[in-house]
2 protein chains.
Amino acid sequence: MSGGGLPRRPTMVDVARRAGVSVKTVSRVVNGAPNVAPDLADRVLAAVADLGFRRNGLASTLRSGQATATIGLIIEEIANPFYATIAAAVAEVAREHDTVLVMASSEEDPDREKHLLLDLCSRRVDGLLVVPAGFDHSFLRAEVQMGLPVVFLDRPAGGLLADTVLLDNRGGARAGVERLVERGHRRIAVLLDSMSVYTMRERVAGAQEACAAAGIGYDDVLIRDGVRDPQAAARTVAELLDRPDPPTALFGTNNRITVGILGELWRRGGAEELLGFDDFELSHLMPRPLTVVSYDAHAFGRSAAELLFRRITGNRSWPSTTVLPTRVIDRGVRT
Amino acid sequence: MSGGGLPRRPTMVDVARRAGVSVKTVSRVVNGAPNVAPDLADRVLAAVADLGFRRNGLASTLRSGQATATIGLIIEEIANPFYATIAAAVAEVAREHDTVLVMASSEEDPDREKHLLLDLCSRRVDGLLVVPAGFDHSFLRAEVQMGLPVVFLDRPAGGLLADTVLLDNRGGARAGVERLVERGHRRIAVLLDSMSVYTMRERVAGAQEACAAAGIGYDDVLIRDGVRDPQAAARTVAELLDRPDPPTALFGTNNRITVGILGELWRRGGAEELLGFDDFELSHLMPRPLTVVSYDAHAFGRSAAELLFRRITGNRSWPSTTVLPTRVIDRGVRT
DNA sequence: ATGAAAGCGCTAACAC
DNA sequence: GTGTTAGCGCTTTCAT
């Protein structure tokens, strides 16, 4: 081989040698510390440029014990607009604190979530923001006790007392379904991802509260669990509407499901009324009336991130739970 | 103060002392190295659990000289579905390589981009994926020469020879506008973000090629620069359509602009034909015919990330430029 | 204002 | 199998 070896990264020792100063002086110049003679500083800067020196932040952090200026964000699915909006809001707050964001998606897998969280702990992030997929987060207790701030977002933690920021899932779902009921619907189908997810349980409970209050009996057939994606939602709608006793209204309990319902209703020209949890861009241009339970997703992400940074910067008050309001945007047909 | 001091993080020395072994043995156990007597391993594990020890990955990386298992991704705007899809694809590939993703948005600000990139270099990421906002990336040359892989995505780098993955912006725009021309349109407005952005220049050039080929003269009035967001797009549409010589078709050169045009056309009930670059979910449910220049955004992100990891794992071939195809999805009215 | 030496937490290299 | 020592690149402490 003709020596394709890459040039070794220069260190402060290399820079010091080249500039004819001590490493400490290089450190001072590189970090903008005061009290360095201008001529020495110039020589150091020249050596830095010549050598292509870039300070090793890992070594710096290790020795100084400073924060890594990094926070971790674990969500379920990056491409979903709900999580993308949260990520954008968190990144915005992180930037305001000169901190970078390590982002990963758990894909609703508790094992993967645990692995990711512990990995981030090893990387000594300054704080963690988690949309939990698992049900037991006690494995984080030691880290939390040693001062690692963790904020849970959208769903509560399991087995760990920690800051939590939630949406008013139950109230929003109840208010949405009440609109359907007011317009005379008695057979309302509810399509949901999985009862193992906190938000789904809450939204279903809210829907059932509204039904119960209106004296509508519970019908097993209308509650459809396991609707994981838009395709599944479309299939479920087809199946429901082909029954002898079809629903007259449908509740999509998250944005993916609502999109799937919408597509299938459009395809078959169904006139059933639709309620969705989560608003989305252009929802007002949909080819049919669509009522949505909406909220400020950006503010949601920001609240959680701001709380995290309050902890990082020393706030030691008792763990809090914040519930953000939702509101119904009613585009249904008036009767 | 009554000693609110947090317990110090235990180190391998603490674990070793507690387990009555040497640090090296702790290191072996913690890293799953072979040749440790089971009873010693058990004692170490017990001490680890008691103390809540978590290996400091920064120190480990520093000493061993191993990779950080981190890549950086710089995009323009996290919440935009185009970038969110790319981020999801990149995260997917990163995961396949047991690597985490540091993500940041430059917000189209070259200074911020430079700052972020150099920060990531200090953090010793294993590679960089960049949707460039700036025009000069020569400040990365030293890093690249020392072996840092960098892949540019969606737009080419400035002043730096590096791997690049692009879309066929020009060909896609040309093909899209050709459809409009085929249907008899002679006055086609083009709304674009900024001519300083590479993709915009290419898309406008493609549109003009199609017009020129059809003998359509250039009309200054119809090329609208500076359309930064959906609101601006809506305003521009209103202004164009209120002119004495309004366009009969509009070309939105990115997803944000197309959304804005769509809203305004819907609001005023305009019958003008619409072409958009970038497809989006539910575009087929829009209340009017909408032709889009589409491509596989997920594959786009994956290609770039896979190329990056090929570099990280040692591929040293000449920098490549890949151009991914687009296709027109024609939902326009047949004449 | 500058430098020498020690050491952050860990692992490589070499004992034993 | 296990332990000792040195040192990754940097910053701290304390001289001068």
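Both backbone and side-chain heavy atoms feed into the values below; hydrogens, waters and symmetry mates do not. All chains are named by letter (A, B, ...) in the order of the sequence lines, taking the proteins before the strands, and each is independently numbered beginning at 1.
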Both B:Thr61 and A:Leu40 contact DNA chain C. Taking the nearest nucleotide for each, which residue is further toward the 5' end? A:Leu40
When B:Lys24 and A:Thr25 are each assigned the nearest nucleotide of DNA chain C, the 5'-most assignment goes to A:Thr25
Students often get this wrong, so: under 4.0 angstrom with heavy atoms, is B:Leu58 touching a base, only sugar-phosphate, or nothing? nothing
A:Gln66 CD to C:dG7 P, straight-line distance once rounded to whole Å: 20 Å
Starting at atom CG of A:Asp14, determine the distance to atom P of D:dC10, rounded to an integer number of angstrom. 9 Å
Using a 4.0 Å heavy-atom cut-off across all strands, classify A:Arg55 as base, sugar-phosphate, or nothing. sugar-phosphate
Could you tell me the separation between the CZ atom of A:Arg123 and the P atom of C:dC10, rounded to a whole number of Å? 15 Å
Touch class at under 4.0 angstrom, heavy-atom based, for A:Val36 against every strand present: sugar-phosphate
Could you state the atom-to-atom distance from CZ of B:Arg17 to C1' of C:dG9 in whole Å? 13 Å
How many whole angstroms separate atom CZ of B:Arg43 from atom P of D:dG1? 16 Å
Which sits closer to the 5' end of DNA chain D, B:Arg63 or B:Pro38, going by the nucleotide each is nearest to? B:Pro38
For DNA chain D, whose closest nucleotide is more 5', that of A:Pro10 or that of B:Asp39? B:Asp39
Do A:Arg311 and A:Ser317 have side-chain heavy atoms sitting under 4.5 Å apart? yes
Of the listed nucleotides (C:dT2, C:dT11, C:dC8), which one gets closest to any side-chain atom of A:Leu62? C:dC8
When you measure from the side chain of A:Asp126 to the backbone of A:Ile71, do you find a donor-acceptor pair of N or O atoms at a distance under 3.5 Å? no
When you measure from the side chain of B:Asp109 to the backbone of B:Ser106, do you find a donor-acceptor pair of N or O atoms at a distance under 3.5 Å? no
Strictly below 4.0 Å: does A:Ser64 bring a side-chain N or O up to OP1 or OP2 of D:dT11? no
Interatomic distance, A:Asn35 CG vs D:dT12 C1' [rounded to whole Å]: 16 Å
Between A:Ser27 and A:Val23 (side chain of the first, backbone of the second, donor and acceptor by atom type, cut-off under 3.5 Å), is there such a pair? no
B:Met12, nearest nucleotide to its side chain (from C:dT11, D:dC10, C:dA4): C:dT11
Residue B:Ala37, side-chain heavy atoms: nucleotide from C:dA4, D:dT2, C:dC10 that is nearest: D:dT2
A:Arg141 side chain to A:Gly159 backbone, donor-acceptor under 3.5 Å: yes
OP1 or OP2 of D:dC8 less than 4.0 angstrom from a side-chain nitrogen or oxygen of A:Asn56, does that happen here? no
Just by modelled atom types, is the A:Ile78 backbone N or O under 3.5 Å from a matching donor or acceptor in the A:Ser105 side chain? no
Which is true for B:Val21 with a 4.0 Å heavy-atom rule: it touches a base, it touches only sugar-phosphate, or it touches nothing? sugar-phosphate
Side-chain N,O (B:Ser60) to OP1/OP2 (C:dT11) below 4.0 Å: yes
Would you say A:Ser27 reaches D:dC10's phosphate, i.e. side-chain N/O to OP1/OP2 under 4.0 Å? no
